[in-house]
Protein chains: 2
Amino acid sequence: MQIGELARTTSTKVETIRFYEKIGLLPKPSRTSGNYRDYGSDHLARLSFVRRARGLGFRLDQVRELLPLSDDQNRSCSAVDIVARAHLARIDQKIADLRVLRYELDELISHCRKGAISDCRIIEALGPPNEAGY
Amino acid sequence: MQIGELARTTSTKVETIRFYEKIGLLPKPSRTSGNYRDYGSDHLARLSFVRRARGLGFRLDQVRELLPLSDDQNRSCSAVDIVARAHLARIDQKIADLRVLRYELDELISHCRKGAISDCRIIEALGPPNEAGY
DNA sequence: ATGCAGTCTATAGCTGCTATAGGGTCAAGC
DNA sequence: GCTTGACCCTATAGCAGCTATAGACTGCAT
């Protein structure tokens, strides 16, 4: 299986696969006589793992943490659980942050609509501390 | 006012201010005899604007869009409104995406807890499409 | 033989900073 | 007058996580 096919089956760009190889996230595959990368099912499995983990928002260093755990199926669950829970906490924090942001922005927009054209609340709120009180 | 003071009053790092200047987000200030940057209230106002907008999650190119609008107070509100609403929509989308993510991850974790040590659902779910059905 | 899709390496670019190296400036204290 | 220390200067490289480019080769069909 050459790189393009692997890319298609995992919805990954070719360059990304080569990038993962370069940073050691994917093992170097064997090469054909024409120096083309030749992948097997083990590469597919590993890349799928990486992509799924990335899709769940894990950062590359966390994926790196999870990878060896995926190898020995025994006793790994608790270790995985720790990483996953930490990640969940970060996601919750991010959601909370975005909600605050959303609220603030929504406030600004609704004031903008109500206000006269000449005094835009958004612009005002974005001004310096001493000019626009907030 | 030199750069350190401007940095402190706007909670910005000195390097960030110089960076903003380099990319043309802040106008070049005059220099003292010793080649130190010398800022005035206009710089303070503009940097405050940039930082507030960034704090609301606007990207730098959006801040660039908003900046000229902040200059002419008349007729700008609707233009600002458009940018702000687009930003709000993106935030909503991001929150929705994170919620889906959160749910998926939570599912995995709870199954992991319930399951036996040897079959970790998280690892399983991260496997390739043909090995772990999902 | 030629064309074209696919692959190769190496390198630079993206966003939004942050950090480093290696120097200059300025006010205070001895 | 000289040093110390805090501040400032420029230029450059680095971070994540890719993405894009240049310039060359391979492999298959016509």
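This structure is a prediction, so every number in the text was calculated from the model and none was measured. Every chain is numbered from 1, with letters handed out A, B, ... down the list of sequences.
Residues A/Gly34 and A/Lys22 each lie close to DNA chain C; by heavy-atom proximity, the contact nearer the 5' end of the strand is made by A/Gly34. Between A/Arg51 and B/Asp38, the residue whose closest nucleotide on DNA chain D is further toward the 5' end is B/Asp38.
Protein atom CD1 of A/Ile23 is 17 Å distant from nucleotide atom C1' of C/dA10, rounded to whole Å. The interatomic distance linking A/Leu60 (CG) with D/dT19 (P) rounds to 11 Å, in whole Å.
You'll find a donor-acceptor pair under 3.5 Å spanning the side chain of A/Tyr36 and the base of D/dT26, going by distance alone.
Between A/Leu25 and A/Leu67 the shortest side-chain heavy-atom distance falls below 4.5 Å.
Candidate nucleotides D/dG17, C/dC8, C/dG6 were compared by shortest atom distance to the side chain of A/Ile3, and C/dC8 ranks first. Comparing D/dG27, D/dC18, D/dT19 against the side chain of A/Tyr20 picks out D/dC18 as the nearest. With D/dG17, C/dA19, C/dT7 as the choices, the nucleotide that has an atom nearest any side-chain atom of A/Arg54 turns out to be D/dG17. For A/Arg31, the listed nucleotide lying nearest its side chain is C/dT9; candidates were D/dG27, C/dC17, C/dT9. Between C/dC8, D/dA20, C/dC17, one nucleotide has an atom nearer to the side chain of A/Arg37 than all others, and that is C/dC8. Here the nucleotide nearest the side chain of A/Thr16, chosen from D/dC8, D/dT19, D/dG17, is D/dT19.
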- Query: Between B/Ile17 and B/Arg37, is a side-chain contact (heavy atoms from CB on, under 4.5 Å) present by the stated rule, with each step listed?
  - Reply: CA-CA 11 Å; B/Ile17 296 176; B/Arg37 286 174 181 81; 5.8 Å; no
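Looking at heavy-atom distances under 4.0 Å, A/Arg18 makes contact with a base.
Of the N and O atoms on the side chains of A/Arg51 and A/Thr12, at least one donor lies less than 3.5 Å from an acceptor on the other residue.
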